[in-house]
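I have placed the structure first, in the form of structure tokens, so that the comments after it can refer back to it.
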Amino acid sequence: MFHLPRPSSMEKPFTVLRVSLYHPTLGPSAFANVPPRLQHDTSPLLLGRGQDSHLRLQLPRLSRRHLSLEPYLEKGSALLAFGLKALSRKGCVWVNGLTLRYLEQVPLSTVNRVSFSGIQMLLCVEEGTSLEAFLCYFHVSPSPLIYRPEAEETDEWEGISQEQPPPGSGQQTPGCLGFLHGPSQTWDSPLQPSPGGGTEIQLQRESPDGELC
């Protein structure tokens, strides 16, 4: 009796992240070093201008480690999920309408709008079954990806308005993108082996001084 060989885990379809990038003043030159395709394992994917960044962008307002894409596996799920974590101590990162401070992280949904250091990023997640790696496809957009309520953007926390709109006005808080998803708590998500041989996420909270607890 003939049996077809079982495919290895690396032959399973990868989760695909399609990333569009836009900069209003520098244009395509801001992304000259961005590859069209990047395969990465389930360790955090770092974005910044430092030598150790997996995605390097040479922008003066960008930190050496500005943000990271964090793959993880939710308990009871067989598919990779992703979070976005802010690593810059002074730079702002907006994700789906939420403003992330240093070491704060939010889970990503299927379609995500991100803004940092003048860069607009649209990130779409297409599910795959591989738990060992994922793929990123990058595209430089000729037109804006996010339409902000205010034209100007600042990267300094002191410059962010803290005024709240009056109740029932329907207005967004200044500096928000108008797309609200995900919890406001911070969490870290290393992949850990489960007793059943799979992999699951262990959630850890971070104290205000940056230590895990």
Inset, instruction - May I ask you to decide whether Asp52 forms a salt bridge with Arg65, counting only side-chain N to carboxylate O separations under 4.0 Å? - result: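 Yes, charged N to carboxylate O under 4.0 Å.
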Flag, side chain of [X] to backbone of [Y], donor-acceptor distance under 3.5 Å:
X: Ser130; Y: Phe14; result: no
X: Ser29; Y: Leu26; result: yes
X: Ser141; Y: Tyr22; result: no
X: Ser88; Y: Gly91; result: yes
X: Gln120; Y: Pro144; result: no

Euclidean distance, [Y] [atom2] relative to [X] [atom1], rounded to 0.5 Å:
X: Ser68; Y: Leu87; atom1: OG; atom2: CG; answer: 4.5 Å
X: Ile119; Y: Leu21; atom1: CD1; atom2: CG; answer: 7.0 Å
X: Lys85; Y: Leu45; atom1: NZ; atom2: CG; answer: 14.0 Å
X: Leu67; Y: Gln105; atom1: CG; atom2: CD; answer: 11.0 Å
X: Cys92; Y: Leu100; atom1: SG; atom2: CG; answer: 9.5 Å
X: Leu17; Y: Cys124; atom1: CG; atom2: SG; answer: 9.0 Å

Taking every non-hydrogen atom, the tightest pair across [X] and [Y]:
X: Trp94; Y: Thr99; answer: NE1-OG1, 3.0 Å
X: Gly128; Y: Thr15; answer: N-OG1, 3.1 Å
X: Ser53; Y: Leu47; answer: OG-C, 4.0 Å
X: Pro44; Y: His54; answer: O-CE1, 3.4 Å
X: His23; Y: Gly118; answer: CD2-O, 3.7 Å
X: Leu73; Y: Ala78; answer: CD1-C, 3.9 Å

Inset, instruction - Mind running side-chain contact (heavy atoms from CB on, under 4.5 Å) on Leu57 and Asn33 for me, showing each step along the way? - result: CA-CA 7 Å; Leu57 301 175; Asn33 297 324; over 6 Å; no
Legend entry - Neighbour count >12 (heavy atoms, 6.0 Å) for atom CD, Glu126: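 Above 12, so yes.
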Indicate yes or no: at least one non-hydrogen side-chain atom of [X] is less than 4.5 angstrom from one of [Y].
X: Val16; Y: Val125; result: no
X: Val34; Y: Leu55; result: yes
X: Pro107; Y: Tyr72; result: yes
X: Leu131; Y: Leu79; result: no
X: Phe116; Y: Leu62; result: yes
X: Thr42; Y: Glu132; result: no
X: Arg49; Y: Arg56; result: no
X: Leu38; Y: Leu135; result: no

Legend entry - Partner set under ring-ring contact (aromatic ring centres under 6.0 Å, His included) for Phe134, not counting sequence neighbours: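 Expected list: His40, Phe82.
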Inset, instruction - Would you check, one step at a time, whether the test side-chain contact (heavy atoms from CB on, under 4.5 Å) holds for Val19 with Met121? - result: CA-CA 7 Å; Val19 184; Met121 182 166 70; 3.5 Å; yes
Legend entry - Check: Tyr137/Arg18 side-chain N/O donor and acceptor closer than 3.5 Å: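 No, Arg18 and Tyr137 have no side-chain donor paired with an acceptor closer than 3.5 Å.
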